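Throughout, protein chains are lettered first and strands after them, A, B, ... in sequence-line order, and every chain is numbered starting at 1. These numbers come from a predicted model, not from an experiment.
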Amino acid sequence: MARIYLDHAATSPMDPDILDLMTQTLREGALNPSSPHAEGRRARLLLREAREGIGQALGLADVRQVVFTRGGTEANHLVVWGRASRMPSSPLAFSSLEHSSVRAAMEARGLQGQTVHEIPVAMDGTLDPARWKPLLAGGSAPPALVSVQAVNSETGIVLQLEDLLEGASECHVPVHVDAVQALGRIPVPLPQGRPSDPAYVTLSSHKLGGPSGIGVLLRNPDTPLEPALFGGGQEYGLRPGTEDIAGALGAALAVRKAMAGAHTEGPRLAQLRNRLAEGLLRAVPALRLIGPDEVTSGSRAPHILMLAAPGLPRDLLPGVLDLEGIAVSAGSACRSGAASPSPAILSLYGEEARHLAPLRFSLGTMTTEHDIDEAILRTTRALARIPALQGALA
Amino acid sequence: MKSERILVAMSGGVDSSVVASLLVEEGHEVIGVTMKTFCYDENQGPTRTCCGLDGIMDARSVADRLGIPHYVFDVEEEFTRDVIDDFVSEYSEGRTPNPCVRCNSNTKLRDLMARGEAMGCDAIATGHYVRRVEDPAGRGPHLLRGADANKDQAYFLWGIPLDLLPKLRFPLGDLTKPEVREIARARGLVTAEKPESQEICFVPTGDYRSFLSKRLAPRHPALTPGPIVTVTGEVMGEHQGYAGFTVGQRRGLGGGFPKPLYVVRIEPATRTVVVGTQDDLLASTMKVRGLHWLATDLPLPASDASAMHVDVQIRHRAGGVPAEAFWDQETGTVSVRFATPQPAVTPGQSAVFFKDNRVLGGGRISSADR
């Protein structure tokens, strides 16, 4: 039975072109851009090439806006920690849908005594203005940072960021946009020089067919950060440690490819997502759509579909589908694989979340219509074994 | 033998690792699962890391090496409700519970079966040292003691839901512990030398008094000082809360008595810990409540008052002792008369009835009498 991979929000298989580029780079010799010799100079050139590649693909004015980190989590941590350390007596704010790397860093600052605000997000992706507006006005202490996702990784909810970005620019509050799940799927605000642009944007290479272990922090260099790690002066003093040149080149190619295909790939994925949702909801009426009410809602990212079965153990369904040859997840899962409702799902559904068994399907560039039809077939077959769901069918 | 899809409950210990390994070798399609029952990390903040439990990681590495799927099921809520809450409430009422019995009767096997069915499994296998054999007349399987008398775990399994028994597999039932370790070593399983876990899984330090003090209200009577009194009514001193005591216990009473003293019973209403000599510990009868029967093909002490000759086991590792058991319609309990008086018959502990090696059923001891 051929496996069907529908867990691209977790990671995607590597794009063969990127793999080729990286292996070729790694074969060609030593790569430390700080070294005072020809090999070092070559490494420096390649790193610059990677930075320029990303800058050009994203319309950034200055290569210094591109900072490589060792992953999306690290980029998020750098922004949260870096801003919080810079302005320790200012409050911080984040949306209720944030990834654990933002939420946990924020909560850790909270434990150290910094004021942290959580801004609720509605099912349609609206950030509660009653919460963020007074916060930005802030009187004597406007926030050091507001951190928001572009697309929620579990539910696919697209956050409506325009008003917040506008408001924040009026109050000179820097906004961080975690665009790890968004780039190449929907338009993403980037630090391109307009006042209402975000000051920071996080990208992750491995969600785009690039290597894992490399992330990109885009920044407005005029909004200063403290480093979160200490050591050498690499990456403009923000991320010490010898640079991963092959990784940076891989990430750059991934970003370029994602941007080149963005106009066609978003609609293609949305069509496949609709097909999947309609097929499954028709075949298994007990399943419930998570997130915006309509499958085709503009507040839903094209590549992520979360469904849930009420009344089943929360961690059951990914295993059931795995045994049918389908790779999906329950949304955010911690290292052990056990799933509790995430803070994001709890914020959307309250206590009801404890009685929903989630299934997150996430599509990628390699996903075909045949994959979707086969996934509908196998999922329907597998769920037919579960009495609680059969009951609902009758 | 027909190949089955079997769910194996893998704790991350050597026993369940060997079960998975043996079933793979027999050609079954094996699915490993680990139940996350309890989080030892008391942090509630961003650093709470209960998903990194060693047991889960070990089970996972064994499964990965065997090339079988492995899933983690989070049953913390169910486990807290069915096992921990009961544990706390029993101790708070002066009884000594068997949480492993509760877990096997309620949480573990029932939850595994429900999930196993969703995964299309034919059977559930565990690393218990018990045997399940088919009835010669086809009236449902028998549950027997394990072949290794030192490791036999039949005492913990009397509460298995009857409808699950036909679907359970106990591949270690005919093996001894040293044999199981040998099998694990021969296959290079990472858990081969893992030490036995003797303590209650959610009280890994063994300090259940401190566990109880975190779960009971601060001024709960079970944690409040009370008198230590002899069976003849003489006050011997004060204790710091009866939750720390169990019948038969000698430690914690203070010393300096002419004869060694033991806890004979606990009287929660007056917070009294009654102590006595070894002779005072002996009971000739007991009552057992909350009965559950596995051997439904036999006449059982469950419907009429005629005495049945059985062996009864009143604590883990104690073995069975001959007794007469009869049904007491009035109280809905089984009354047991031991052939010879037994020491430290402890309310809250399981009483398990056997005919030879076969588990007939069991219940919880509610009271004991001299």
Other residues, nucleotides and ligands only: do more than 12 of their heavy atoms fall within 6.0 Å of CZ on B:Arg65? no
Out of A:Leu316, A:Leu383, A:Leu317, return the one with the most heavy atom pairs under 4.5 angstrom to chain B. A:Leu316
Shortest non-hydrogen contact from B:Ala118 toward A:Ile386: CB-CG1, 3.5 Å
Residue part contacting chain A, namely of B:Glu77, when any heavy atom lies under 4.5 Å: side chain
To the nearest 0.5 Å, how far apart are CG in A:Asp315 and CE in B:Met35? 9.0 Å
